[in-house]
Protein chains: 2
Amino acid sequence: MDLFLSTYENRIDGKGRISVPASYRAVLERNRSPLYIFKSLTHACLEGCGPERISQIVDAIDQMDSLSEEAEILQTMLFSAQEMKIDSDGRMLLPAEFIEFAGLDGTALFSGIGRSFQIWRPDQHQRREADFRERATKQGVPRLTLGRRPEPGER
Amino acid sequence: MDLFLSTYENRIDGKGRISVPASYRAVLERNRSPLYIFKSLTHACLEGCGPERISQIVDAIDQMDSLSEEAEILQTMLFSAQEMKIDSDGRMLLPAEFIEFAGLDGTALFSGIGRSFQIWRPDQHQRREADFRERATKQGVPRLTLGRRPEPGER
DNA sequence: CGGGTCATTATGGGATATCATGGGAATTCA
DNA sequence: TGAATTCCCATGATATCCCATAATGACCCG
């Protein structure tokens, strides 16, 4: 299905290397896609994805008034993005800037959310998950329309 | 009938493996579907399903403001979800995290509820069933409207 | 109707492969 | 030439595969 799912907690070694979870690598390799990582606009975490997702963001910004402040804000995602090289052992090298931005300290948590994933400081991610679960029980789960899926092309 | 039905109580061995009930496997195999398992948002149990349900969640999130609270709650399902590999003997390996989350201890109860199923600690599931039956007799049952199913190809 | 055989399923254990991770050597770049 | 990066190999932990066994139920045939 080619989705990034599940969470993985991996170590960052002295050289700044970290293993990309094997299942995420498999998704990228199946599509012959390079991996892009950029700083989240809204959280102290990193975002990872393939090229399609980057294109989507570019296209969305191109639809906007390119001189607007909104467009400029979204552009910060793009210029923080880097194409990551993955070595023969499946590891990437996290630049110091990324490590600092996400507050990483020796270990990082990969959190797959479908077509993209996030990289968090493990304790922060845990807090978020606990928070979401509490809200889900108190306020209920968002409506999910189950049942027949729309045909492709159908609205 | 491609539905998950009935309940099965199976053992979890020392390695964390458990047999997926044969009838559930048959459903998945007929559709050539992999099996996904994720932590319930609202109960101390696991949920199992095929890829359609995961796609629904992904698509639903993509339609929403991806920074909204609702989207984040749905993302909790995704990052707790895993595609399970089923070995040649029909077993899957339950990660320690799943076992702990559902409070499993040696045995797990599969509970088929149609297009998905749940995995419970057996005694908790029993309590739930007794509770629901009692409420049904005391408070009556919810309205159940069984409409005609659309013909294949009919809108 | 009874008894035996076979297929299916759940489960256990040992062998094998995969993965994350650490460290050193080689290479690149400034 | 020094620092940073990439490549290569070693290792332990874990996951996966493969085979064996037991229990159950379906099936067939006398």
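Lettering of chains follows the sequences in order, A, B, ..., and the numbering in each one begins at 1. Values below: all heavy atoms of this structure, side chains included; hydrogens, waters and symmetry mates excluded.
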Closest to the 5' end of DNA chain C, once B:S23 and B:K85 are matched to their nearest nucleotides, is B:S23
Here the gap from A:F38 atom CZ to A:R53 atom CZ, rounded to the nearest 0.5 Å, amounts to 7.5 Å
Can you check whether B:R25 has a side-chain N or O nearer than 4.0 Å to OP1 or OP2 of C:dA10? yes
With salt bridge (Lys or Arg N to Asp or Glu O under 4.0 Å) as the criterion, how do A:E47 and A:K39 come out once you've worked through the C-alpha distance, each side chain's angles and the decisive distance to 0.1 Å? CA-CA 6 Å; A:E47 308 252 358; A:K39 296 190 275 183; over 6 Å; no
Considering only heavy atoms from C-beta outward, does the side chain of A:V141 approach that of B:T42 to under 4.5 Å? yes
Within this structure, what is the CZ-to-C1' distance between A:R17 and D:dC8, rounded to whole angstrom? 11 Å
Ignoring hydrogens and geometry beyond distance, is the side chain of A:D87 in donor-acceptor contact with the base of D:dC8 at under 3.5 Å? no
With hydrogens left out and only the distance checked, is there a donor-acceptor pair under 3.5 Å joining A:K15's side chain and the base of C:dG22? no
Checking salt bridge (Lys or Arg N to Asp or Glu O under 4.0 Å) for the pair A:K15/A:D13: CA distance, chi angles, key distance, verdict? CA-CA 5 Å; A:K15 301 178 183 177; A:D13 72 11; over 6 Å; no
So, does the side chain of B:R11 form a donor-acceptor pair with the base of C:dG12 at under 3.5 Å? no
Residue A:D13, side-chain heavy atoms: nucleotide from C:dG22, C:dA20, D:dC18 that is nearest: C:dG22
Given DNA chain C, 5'-ward residue of the pair A:Y8 and B:I12, judged by closest heavy atom: B:I12
Close residues, residues 90-118 of chain A, relative to DNA chain C [heavy-atom separation under 4.0 Å]: A:R91
Could you tell me whether the side chains of B:E9 and B:H125 share a donor-acceptor contact shorter than 3.5 Å? no
Can a side-chain donor-acceptor contact be found between B:Y8 and B:S23 if the only test is distance below 3.5 angstrom? yes
Please state how far atom CD1 in B:I86 lies from atom P in C:dT11, giving the value in whole angstrom units. 15 Å
Look at the rings of A:Y24 and A:F117 and say which category their plane angle falls in: under 30° parallel, 30 to 60° tilted, over 60° perpendicular. tilted
Any donor-acceptor pair under 3.5 Å between the side chain of B:D89 and the base of D:dC17? no
Separation of atom CD1 in B:I18 from atom P in C:dA10, rounded to whole Å: 10 Å
Roughly how many Å is it from OH in A:Y24 to P in C:dA20, rounded to a whole number? 11 Å
